[in-house]
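Quick note on labels: first sequence line is chain A, next is B, and so on, each numbered from 1. Note that these values count all heavy atoms, side chains included, but never hydrogens, waters or copies made by symmetry. Quick caveat: nothing in here was measured; it's all calculated off a predicted structure.
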Amino acid sequence: MLLAVGTALFLLLHATPGGPIVALAGEFADADTVADIERRFGLDRPLHVQYLKFLAGLARGDLGESWFYGEPVLQVLQDRLPATLILVVPSLLLAAGIGVPLGILAARSRRRGLGIMLAALLAFAVPSFWLGHLLRMAFSVEVQWFPVQGMTDARSAADGLRQWLDIARHAVLPVATLTLHQLAYTVLLTRSAIEVERRQPYFMTALAKGNGRRRAEYRHALPNGSPTIVTLFANRVGWFLAGAVLVEVVFAWPGFGQLADAAIRNRDFPLVIGIVLAVTCVTLLANLVADIVYMAIDPRILPHRGARA
Amino acid sequence: MTRYQRSVRAALSTAAALSLLAGAARAQEALAVVGIVADPGHFNPAITTGSHVHTVADSMFNGLVALDEDLQPVPDLATGWEVSEDGRTVTFTLAEANWHDGIPFTAEDVKFTFEQVLFEHHSRTKAGLGSVVESIETPDPRTVVFKLSAPHPALLRRLDVTEAPILPRHQWQDVADIPAATLPPIGTGPFRFESYDKDAQVVLVKNEDYFKDGLPYLDRLVFRVIKDAATQLIAYQQGEIDFISLEAKDVEAVESAGDSTILRATSGPGGGNCIMTVSFNLEREATGDPRVRRAFARAIDRERINEQVLFGQGKVAAAPFSSAIGWAHADGVLAGLSHDPEAARALLAEAGHDGGLTLDMVHFPTFNRYAEIMKQDLAAAGIELVSRPLDREATIDAIFKQRDFDTNLISYCNGVDPEIGIKRMYISSNIGPIPFSNAAAYRNDRVDALFAEAAAVEDTGARGRIYREVQKILAEDLPYFWLVETVRTAAHKASFEGFRPWTGQFAEEAKPVD
């Protein structure tokens with residue numbers, strides 16, 4: 001999988017017009033400088049030689065050096081990972097934690113469901129960068145609760161708990177922006193999954209056995225509907241990270257998203273490949289986690305729990 | 001109060017408490033936060049001309065000379081200089097300064113930097129001075145002597161911190177691959193390096209040991225990376241940053257808020273005195289025809305571009321060379337190309353395109369507004385302009401490598417001397433895959449000869465006469481069309497003063513207003 005992604009990417013990048021010259025040498029690079037830079041990164045070698053070298057590196061787990069930063073790609077990625085996790089993990093948890101109950105609620109009654117569904121569809125349709133600007137106009141400009149940009153306050157060098165509070169304060173709007181989209185998706189997803197389950201005979205049976213409606217939904221319908229929800233939620237993670245690129249640029253958040261944006265602009269090929277491979281790994285990992293989660297929650301996979309249903 | 005209301009209240013007061021706790025700033029420090037649009041990546045200003053590096057790094061280094069507001073050389077690391085009678089020997093007396101690591105700065109640092117770094121890796125200085133400087137001698141630690149192959153009047157203007165920053169020899173002399181090395185920046189400049197968070201911020205602190213007594217005034221200078229221009233503007237308006245480069249369209253809004261000082265300068269780190277210039281691909285049939293180029297020029301209303309794109313902040317180009325280089329600028333030489341759609345139509349018909357003509361124009365997406373107006377103007381004269389916005393690298397590739405364009409739009413920064421930023425556009429030896437060089441593929445032996453002649457004449461008046469002759473020829477041949485001279489606008493909070501936007505060392509004299 002990684003090999004296929006890596007190869008496709010390598011070819012795509014080398015077909016992209018332009019190189020890293022201006023990012024490195026500035027706008028006045030002469031022929032010598034251009035040749036120097038191409039030699040330094042092996043860009044003067046035939047494409048197949050470059051490709052073999054790339055493959056050899058990949059086999060050793062060596063992604064090479066970022067052309068722009070002059071540091072190992074892995075190092076650059078590691079440095080940025082925490083910033084992105086600070087946005088992504090809370091967003092995913094919030095989306096799941098709020099989205100699933102809302103989805104169940106939407107499945108319960110048609111009247112209330114319609115309102116939730118419309119709101120979710122609307123939120124799903126709004127581009128995240130625009131939503132980011134909107135939230136900022138409301139919460140950073142009109143009422144000045146949260147900062148406009150960045151991960152920390154440029155004027156203070158806080159450490160310890162203060163630093164974390166500073167980061168938290170800066171993270172509120174980007175996390176909210178990022179969450180809303182995934183949240184809307186989760187609501188839509190959960191509603192349709194639960195709706196299917198509610199029509200199953202076992203649901204009626206559960207109600208007839210004297211279970212309350214809430215208990216029937218959470219104990220019976222949700223576990224049965226969850227494989228669909230978990231699968232599609234995990235599949236979305238790739239999309240979610242792509243959304244993070246825009247949100248990070250809008251809020252000047254120094255994570256993977258901004259890194260990807262700059263790496264493409266600067267034609268920093270090793271870094272672009274590193275980022276995409278990292279995202280590929282995360283997506284694969286998310287699907288793996290989804291598979292493990294099935295085992296824990298799907299009554300049909302674990303028979304002794306299924307017997308209770 | 002419902003449960004819902006209570007929880008919202010609780011959330012809000014938590015947020016407010018967080019703000020208070022986290023907002024505890026350094027109270028007494030003189031600190032300025034500067035918004036920048038690109039991550040510098042590294043801090044070695046001697047190996048690149050890129051403005052993303054110079055904007056930050058120049059504050060940590062010095063050149064031999066600095067440039068004043070009129071772009072005239074004034075002392076920096078060199079406290080004085082003397083040019084010999086024949087113009088071929090320039091002797092600099094050096095200041096007593098220390099590097100940020102405490103080691104004294106000497107003439108050997110200057111020699112090393114020029115010979116091993118600038119002439120090898122700083123493309124503008126390498127092209128401009130590499131062949132002019134025959135040798136650099138260091139008779140004593142406080143004296144540097146440049147021996148030139150011919151008098152070079154532009155020399156002093158090419159030695160400021162952007163063109164020729166001086167590096168410490170003791171840090172770099174044993175480095176095998178200088179452009180690939182990432183070493184912590186050690187300079188002589190007003191600010192020392194403190195920290196760098198990629199894509200977030202660079203923090204510099206006051207150099208207490210700076211060789212210019214009393215400077216700098218700021219204790220701390222923070223460069224905050226904010227790539228999105230709209231975000232940067234809001235951050236400025238909300239007081240999160242103190243200094244911002246402004247787009248022309250935002251000047252009025254910032255100015256009318258009343259809490260800012262607007263700065264206008266024709267130059268800045270990474271280049272200056274820029275002219276928005278259309279290049280015609282002379283190798284293509286349609287644009288190879290001078291009548292078509294003339295028609296194109298006369299169809300365009302440059303006044304309107306200045307009004308609607310630059311909001312009146314720039315000015316219509318009166319000559320191929322920037323008016324900021326007054327002694328070389330041939331004022332009025334483009335007067336014959338005033339806006340006249342009728343004349344444009346007639347010229348097109350004469351060239352056999354009375355049925356209309358379609359031309360494409362390659363440009364950066366940031367120039368979309370220019371393209372829109374040009375499209376309208378050209379349509380009125382019977383030329384359909386197809387705009388092809390491409391990102392920076394793809395633009396360079398299309399124009400200078402593939403030569404896949406009819407016309408293109410580039411901001412050519414003229415620099416402080418025609419030798420530096422102008423010659424590159426016109427001399428025939430620059431035809432080829434060199435970014436931002438002779439995009440038109442213009443070849444005129446007379447022009448080549450005149451540029452060579454001007455480079456070797458010492459007297460400014462005489463050089464000016466030669467350059468004015470060049471511009472007459474250019475206005476006639478029209479390989480390019482010069483639209484508007486742009487101005488760099490920046491703003492800082494009125495609580496500061498002393499920023500100097502025309503130089504790389506823009507914060508050396510900046511300070512809070514008492």
Worksheet item: Do you know the tightest heavy-atom contact between B:Q238 and A:S140?
Response: OE1-O, 3.3 Å
Discussion item. I'd like to know if B:K198 and A:E71 make a salt bridge, using a cut-off of under 4.0 Å between side-chain N and carboxylate O.
Written reply: yes
Worksheet item: Is the shortest heavy-atom distance from the side chain of A:M151 to the side chain of B:D199 under 4.5 Å?
Response: no
Worksheet entry | Region of A:N266 in contact with chain B, defined by heavy-atom distances below 4.5 Å | both
Worksheet item: What part of B:I226 is in contact with chain A, defined as an atom under 4.5 angstrom from a non-hydrogen atom: side chain, backbone, both or neither?
Response: both
Worksheet item: Is it true that B:D397 and A:R267 have a side-chain N and a carboxylate O under 4.0 angstrom from each other?
Response: no
Discussion item. Using heavy-atom distances under 4.5 Å, tell me whether B:D177 contacts chain A through its side chain, its backbone, both, or neither.
Written reply: side chain
Fill in: Options A:I264, A:T152, A:V249, ranked by heavy-atom pairs under 4.5 Å with chain B, top entry
A:T152
Item to complete: Please work out which of the three classes, parallel, tilted or perpendicular, describes the rings of A:F68 and B:H52, given edges at 30° and 60°.
Response: parallel
Discussion item. Quick check: do B:T48 and A:L24 have side-chain heavy atoms less than 4.5 Å from each other?
Written reply: no
Practice prompt. Decide, yes or no, whether a salt bridge links B:D197 with A:R80 under the criterion of side-chain N to carboxylate O below 4.0 Å.
Written response: no
Worksheet item: So, B:E240 side chain and A:V148 main chain: donor-acceptor pair closer than 3.5 Å or not?
Response: yes
Worksheet item: Based on non-hydrogen pairs under 4.5 Å, which of B:K126, B:K401, B:Q237 is most in contact with chain A?
Response: B:K126
Practice prompt. Could you tell me whether the side chain of B:D228 reaches within less than 4.5 Å of the side chain of A:Q258, counting heavy atoms only?
Written response: no
Practice prompt. Could you pull out all residues at least two apart from A:R45 that satisfy salt bridge (charged side-chain N to carboxylate O under 4.0 Å, His left out)?
Written response: none
Fill in: Under 4.5 Å from a heavy atom of chain B, the part of A:H170 involved
neither
Worksheet item: What residue, out of B:D39, B:V53, B:I241, has the most heavy-atom pairs lying under 4.5 Å from chain A?
Response: B:D39
Worksheet entry | Heavy-atom contact with chain A under 4.5 Å, split by part of B:T182 | side chain
Discussion item. Which heavy atom of B:R224 sits nearest to which heavy atom of A:D153, and what is that distance?
Written reply: NH2-C, 3.8 Å
Worksheet item: Which bit of B:F223 comes within less than 4.5 Å of chain A, counting heavy atoms only: side chain, backbone, both or neither?
Response: neither
Fill in: Interface moiety of B:V225 toward chain A, non-hydrogen atoms closer than 4.5 Å
backbone
Discussion item. Counting only heavy atoms from other residues, nucleotides and ligands, does the tally under 6.0 Å from CZ of A:R265 exceed 12?
Written reply: no
Worksheet item: Any idea which of B:V203, B:T231, B:V33 has the most non-hydrogen atom pairs under 4.5 angstrom with chain A?
Response: B:T231
Fill in: Engaged part of B:P179 at the chain A interface, taking heavy atoms whose separation is under 4.5 Å
both
Worksheet item: Looking at A:S66, A:A262, A:G70, A:P147, which makes the most heavy-atom pairs under 4.5 Å with chain B?
Response: A:P147
Worksheet entry | Minimum heavy-atom distance between B:A235 and A:Q149, given as atom pair plus value | CB-CG, 3.6 Å
Discussion item. Run A:R155 and B:D242 through salt bridge (charged side-chain N to carboxylate O under 4.0 Å, His left out) and show every step you take.
Written reply: CA-CA 11 Å; A:R155 293 177 206 283; B:D242 304 309; 2.9 Å; yes
